[in-house]
Amino acid sequence: QVQLVESGGGLVQAGGSLRLSCAASGGTFSSYAMGWFRQAPGKEREFVATISRSGNNIYYGSSVKGRFTISRDNAKDTVFLQMDSLKPEDTAVYYCAAETYDGGSLYYTNREYEYDYWGQGTQVTVSS
């Protein structure tokens with residue numbers, strides 16, 4: 001059973017930065033594609049970013065492209081989300097997720113339903 005624990009959320013002013021971390025345990029982290037999603041109050045969960053197990057293939061949601069950076073450290077079983085130029089509309093609970101399907105080293109997905117394991121989420125609040 002894979003467990004995912006997010007950290008790094010908090011309150012930040014618009015234009016500021018935060019770095020989220022997601023630590024994995026109980027599985028083979030280096031074989032999973034990883035993703036970040038977010039859910040704002042009253043809205044559906046939204047795709048943010050995904051990274052292949054090798055780290056060589058990355059894809060971003062249109063609302064965060066150019067401002068957020070996803071990365072991973074397979075030696076530390078951790079995936080990161082660097083968030084810069086934050087906006088009030090980035091306010092949400094941020095979740096990391098693991099996709100255990102073996103699609104190869106470059107495989108990733110932005111489809112929420114394809115992810116097998118989810119963390120509990122970390123709150124990010126951006127004030128104007």
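Counted within 6.0 Å of CD on Glu89, heavy atoms from surrounding residues, nucleotides or ligands total more than 12; the atom is thus considered enclosed. The environment of Tyr107 atom OH is dense: over 12 non-hydrogen atoms of other residues, nucleotides or ligands sit within 6.0 angstrom.
Nearest heavy-atom pair across Ala92 and Gln123 is O-NE2, 3.5 Å. Contact detail for Glu6 and Gly119: the closest heavy-atom pair is OE2-CA, 3.2 Å. Ile70 approaches Trp36 most closely through the heavy-atom pair CD1-CD1, 3.6 Å. For the residue pair Thr78 and Ala23, the shortest heavy atom distance occurs at OG1-CA, 4.1 Å.
Side-chain contact check for Gln82 and Ser71: no donor-acceptor pair (N or O, by modelled atom type) lies under 3.5 Å. A donor-acceptor contact under 3.5 angstrom links the side chains of Ser17 and Asp84, judged on distance only.
A distance of 6.0 Å or more separates the ring centres of Tyr60 and Phe47. Tyr115 has its ring centre less than 6.0 Å from the ring centre of Phe37.
Taking CG of Asn57 as the reference point, atom OG of Ser52 lies at 5.0 Å (rounded to 0.5 Å).
Tyr95 does not carry Arg38 over the face of its six-membered ring by the limits of under 6.0 Å from the centre and within 45° of the normal.
Residue Arg53 forms a side-chain hydrogen bond (donor to acceptor under 3.5 Å, both in side chains) with just one option from Asp102, Asn74, Thr100, and that option is Asp102.
Salt bridge Arg67/Asp90: present, at least one basic N to carboxylate O contact under 4.0 Å.
For Asn110, the side-chain hydrogen bond (donor to acceptor under 3.5 Å, both in side chains) criterion is met by no residue, not counting sequence neighbours. Legend: residues meeting side-chain hydrogen bond (donor to acceptor under 3.5 Å, both in side chains) with Thr69, ordered by chain and number and at least two apart, are absent.
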